[in-house]
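Only one structure is covered here, and it is reproduced in the block below.
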Amino acid sequence: MTSSSNQATEPEAPFKTLVAEGVPELDRRLSDELDTVNAAATEGVAPARELTVQIVDDGGVLAAGLSGWTWGVAAGIGMTWVSERVRGEGLGARLLAAFEDEARTRGCTHVFVTSFTFQAPGFYERHGYHEILRWEGVPTPTSADVHFRKEL
């Protein structure tokens, strides 16, 4: 099969393409495979580690949380959330401080995070994060995906 444009050529059988909403087993397999490639490319660097911070109320109910990772000298924040009932009480700042402290302990020198314009880019800017990239029109035509970096 040949292609007259920039489209990739589909290999013949026995291969088939499967499209799905989400396959946790696939995510685990891809992560394992990429961990192997990454370890080979970064010999002497400890593997990536997850890093989470939770703030719970007196009843153990989650009030705020942050999840991310550290790898080598870099840390990344994947998700940050503060319950609407306690927003504005400084819990987001506590999450960031705890995450950054642990990232420093793990040898990280900088943190990366992304935030859509309808989420909290101003929050990260107020905490010393600097915009390094803005992808306009994502995920809607009137919003943007803003990427930040902070030196620790």
Side-chain angles (χ1 to χ4, degrees), residues 3-11 15-43 45-55 62-152:
S3 174
S4 61
S5 66
N6 290 335
Q7 295 175 347
T9 302
E10 182 78 20
F15 300 102
K16 60 184 171 180
T17 302
L18 307 173
V19 178
E21 285 288 321
V23 181
E25 300 81 23
L26 176 62
D27 288 344
R28 282 190 293 279
R29 172 72 185 272
L30 295 175
S31 181
D32 291 346
E33 297 292 347
L34 289 171
D35 285 349
T36 300
V37 171
N38 293 344
T42 58
E43 191 174 325
V45 175
R49 296 169 53 195
E50 292 184 18
L51 175 53
T52 62
V53 181
Q54 299 178 60
I55 299 175
L62 183 66
L66 185 154
S67 68
W69 50 268
T70 60
W71 184 26
V73 297
I77 297 170
M79 293 184 282
T80 305
W81 173 80
V82 177
S83 173
E84 193 170 343
R85 68 183 166 84
V86 293
R87 288 186 188 150
E89 295 184 23
L91 298 186
R94 285 175 54 186
L95 289 172
L96 276 182
F99 182 88
E100 292 168 2
D101 287 347
E102 179 60 20
R104 280 187 201 90
T105 298
R106 294 183 183 189
C108 296
T109 59
H110 51 278
V111 179
F112 296 100
V113 66
T114 66
S115 179
F116 294 114
T117 49
F118 55 81
Q119 290 176 325
F123 167 78
Y124 292 107
E125 289 171 332
R126 286 190 303 277
H127 289 89
Y129 288 74
H130 301 281
E131 184 176 325
I132 58 173
L133 175 81
R134 178 177 291 250
W135 189 7
E136 296 290 344
V138 176
T140 69
T142 59
S143 60
D145 184 10
V146 187
H147 296 237
F148 295 96
R149 175 181 174 135
K150 179 179 181 178
E151 301 300 319
L152 296 177

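Side chains are part of it too, since the values below use all heavy atoms of this structure and drop only hydrogens, waters and symmetry mates.
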Restricting to side chain to side chain contact (heavy atoms under 4.5 Å, CB included), what partner residues turn up for Thr114, sequence neighbours left out?
Asp145, His147
With sequence neighbours excluded, what pairs up with Arg104 under the side chain to side chain donor-acceptor pair (under 3.5 Å) test?
Asp101
Applying ring pair (Phe, Tyr, Trp, His ring centres under 6.0 Å) to Phe99 and not counting sequence neighbours gives none
Contacts of type side chain to side chain donor-acceptor pair (under 3.5 Å), residue Ser143, not counting sequence neighbours
Thr140
Donor-acceptor contacts, no H, no angles, side chain residues 23-30, under 3.5 Å, sequence neighbours left out:
residue: Arg29; atom: NE; partner: Glu33; partner atom: OE2; Å: 2.7
residue: Arg29; atom: NH2; partner: Glu33; partner atom: OE2; Å: 3.2

Residues that Asp35 engages under side chain to side chain donor-acceptor pair (under 3.5 Å), provided they are two or more places apart
none
For Glu43, side chain to side chain donor-acceptor pair (under 3.5 Å) partners two or more places apart
none
Go through the structure and list residues passing side chain to side chain contact (heavy atoms under 4.5 Å, CB included) with Gln119, not counting sequence neighbours.
Ser115, Phe116
Partners passing side chain to side chain contact (heavy atoms under 4.5 Å, CB included) against His127 (at least two apart in sequence or in another chain):
Ala93, Leu96, Phe123, Tyr129
Rounded distance (nearest 0.5 Å) linking atom CD of Glu100 with atom CG of Leu51
10.5 Å
Over 12 foreign heavy atoms within 6.0 Å of CD, Gln54
no
Name all residues meeting the salt bridge (charged side-chain N to carboxylate O under 4.0 Å, His left out) criterion together with Glu125; count only those two or more places apart in sequence or in a different chain, and write none if there are none.
none
According to the salt bridge (charged side-chain N to carboxylate O under 4.0 Å, His left out) rule, which pairs have a member within residues 74-93, sequence neighbours left out?
Asp57-Arg85
Contacts table for residues 65-82: side-chain donor-acceptor under 3.5 angstrom, sequence neighbours left out:
residue: Thr70; atom: OG1; partner: Arg106; partner atom: NH1; Å: 3.0
residue: Thr80; atom: OG1; partner: Tyr124; partner atom: OH; Å: 2.9

Reported CD-to-CZ distance for the pair Glu102 and Arg49, which is rounded to 0.5 angstrom:
6.5 Å
